Amino acid sequence: MSNIRSEPLRGEKRSTTPPIGVIPPGGVEHAFIALLYTAVILLAWLSVVGTFYGMRGLHAPLHPFAQWAAIIGALDIFVQALALQVVLTLAQWGGRQLARNDRRWWFLYLAALGISVYYNMQAYYDPLTAILSPAIVLLLIVAGDILPEFVAVKHH
Amino acid sequence: MAELFTVAVAILILGFLWFWVIRPIAIDFGLWPLSRVSVDMRPVDEKLPEWLARDREAGIKPSLPVSVLVSSSDTAGFDLDTVPSDLTYEEVVTILAGQMTATGKPLYSGKKIYGLVGGNYNEFSALMRELRSKDDAPAEPPTGMTPIAKRPTRATFQENDPDLARQPLP
């Protein structure tokens with residue numbers, strides 16, 4: 001399959017006005033996409049950490065160093081949380097793809113999303129409501145579990 | 001000011017949740033009327049060359065992929081495939097002719113392509129499921145679509161349809 005690039009039907013005549021700006025548009029686009037992917041990685045990490053604490057009914061400290069110290073101290077539990085989050089992510093993302101042919105797969109999608117949101121709520125709701133409103137915290141936790149799929153999986 | 005910011009963030013997140021999660025599920029389960037879905041139906045043999053040429057002349061790469069409506073093997077159904085929208089008509093037909101099943105058989109052998117639509121895949125797949133579920137689904141394509149099988153590619157579309165075999169190639 002070959003792609004045909006659109007080419008404007010302008011002549012070879014050069015513009016006489018000096019260019020404005022120093023940053024190429026493509027560079028801005030690439031930088032923004034890199035930012036999106038960084039956000040996805042960060043959200044995925046937060047989901048794993050949320051599961052790590054939520055599995056045990058604990059609140060997650062908002063300071064990264066405190067989180068890291070807890071992870072080092074309970075590495076086996078962290079590995080379990082990581083494995084569980086991988087399974088939940090695959091179930092969630094896979095459920096959506098399969099729902100294109102059979103709408104019953106949406107139940108798997110919602111179940112996986114619900115479990116992940118539940119653990120993240122256990123971990124982050126109380127710490128975050130100290131600085132944000134409860135409604136925003138709730139929406140952020142749900143969106144944080146959904147946004148990685150929106151960015152990472154190709155879609156139209 | 002803080003309240004305004006909170007409301008703005010809430011609207012943004014709720015909007016995202018609506019379009020990415022709630023609406024697709026609602027459409028698939030018939031809770032959101034399909035009549036509200038915006039689908040641009042273009043009879044491919046009439047509009048596609050003109051549409052693609054217009055966008056190319058303007059220097060525009062079409063942003064939406066194009067969904068191609070293909071009749072399935074049974075008379076009551078349709079299949080849907082997706083091709084990039086920056087292709088010529090011949091390239092679209094060639095791509096569809098080259099689609100294979102997991103076992104290597106031509107996917108669209110002997111089938112007819114009825115039209116090209118832009119839009120959300122989930123929305124259109126829900127529309128197709130609705131068409132398939134109707135007991136009185138027509139064997140002919142829905143009104144407004146034009147079959148383009150009269151211009152097939154040699155390898156696949158002529159395989160099972162003797163009428164197509166007699167058509168001149170593009």
Side-chain angles (χ1 to χ4, degrees), chain A residues 1-11 25-26 29 36 39-40 43 92-93 95-114 116-117 128-129 131-156, chain B residues 2-3 5-17 19-22 24-31 52-67 79-80 82-88 90-92 94-96 98-99 118-122 124-126 128-129:
Chain A
M1 177 183 86
S2 63
N3 283 339
I4 295 181
R5 299 282 182 184
S6 295
E7 294 288 344
L9 293 179
R10 293 191 291 268
E29 185 179 348
L36 280 180
V40 166
L43 286 172
Q92 183 182 329
W93 296 10
R96 173 187 285 274
Q97 299 304 317
L98 292 171
R100 293 164 68 179
N101 294 320
D102 188 340
R103 60 188 180 183
R104 290 174 295 181
W105 286 106
W106 278 118
F107 292 108
L108 176 67
Y109 173 87
L110 292 174
L113 177 63
S116 186
V117 167
L128 286 177
T129 49
I131 51 178
L132 295 171
S133 73
I136 291 295
V137 170
L138 177 64
L139 289 175
L140 281 174
I141 291 174
V142 174
D145 271 321
I146 297 173
L147 193 62
E149 183 205 353
F150 177 78
V151 175
V153 179
K154 277 187 182 179
H155 58 273
H156 301 300
Chain B
E3 290 80 11
F5 175 77
T6 300
V7 170
V9 171
I11 290 173
L12 204 66
I13 296 175
L14 283 171
F16 170 67
L17 292 177
F19 282 107
W20 187 243
V21 180
I22 302 170
I25 296 176
I27 288 173
D28 274 2
F29 283 92
L31 302 175
L52 292 176
R54 184 197 67 213
D55 285 349
R56 290 202 187 94
E57 285 177 11
I60 298 171
K61 180 178 179 181
S63 58
L64 285 177
V66 172
S67 298
D79 283 319
L80 189 70
T82 305
V83 297
S85 53
D86 55 346
L87 301 178
T88 64
E90 287 76 16
E91 286 172 317
V92 169
T94 302
I95 287 172
L96 294 176
Q99 299 283 12
N120 181 277
Y121 184 94
N122 282 338
F124 201 76
S125 64
M128 287 303 104
R129 275 198 297 275

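Numbers restart at 1 for each chain; the letters A, B, ... are given by sequence-line order, proteins then strands. Keep in mind the model is a prediction, meaning the values are calculated, not measured.
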Asks: Where does A:L132 contact chain B at under 4.5 Å (heavy atoms): side chain, backbone, both or neither?
Replies: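 Contact with chain B is absent: no heavy atom of A:L132 under 4.5 Å.
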Asks: If you count heavy atoms of other groups shown closer than 6.0 angstrom to CH2 of A:W105, is the number above 12?
Replies: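 Open.
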Asks: Using 0.5 Å steps for rounding, measure from the CZ atom of B:F5 to the CD1 atom of A:I136.
Replies: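 B:F5 CZ to A:I136 CD1: 7.5 Å, rounded to 0.5 Å.
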Asks: Can you tell if the side chain of A:V142 reaches within under 4.5 Å of the side chain of B:V21, non-hydrogen atoms only?
Replies: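 No, every pair of side-chain atoms sits at 4.5 Å or beyond.
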Asks: If you measure from CD1 on A:I141 to CD1 on B:I13, what distance do you get to the nearest 0.5 Å?
Replies: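 One finds 10.5 Å between CD1 of A:I141 and CD1 of B:I13.
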Asks: With only heavy atoms counted, which part of A:L138 is less than 4.5 Å from chain B, the side chain, the backbone, both or neither?
Replies: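 For A:L138, neither part sits under 4.5 Å from chain B.
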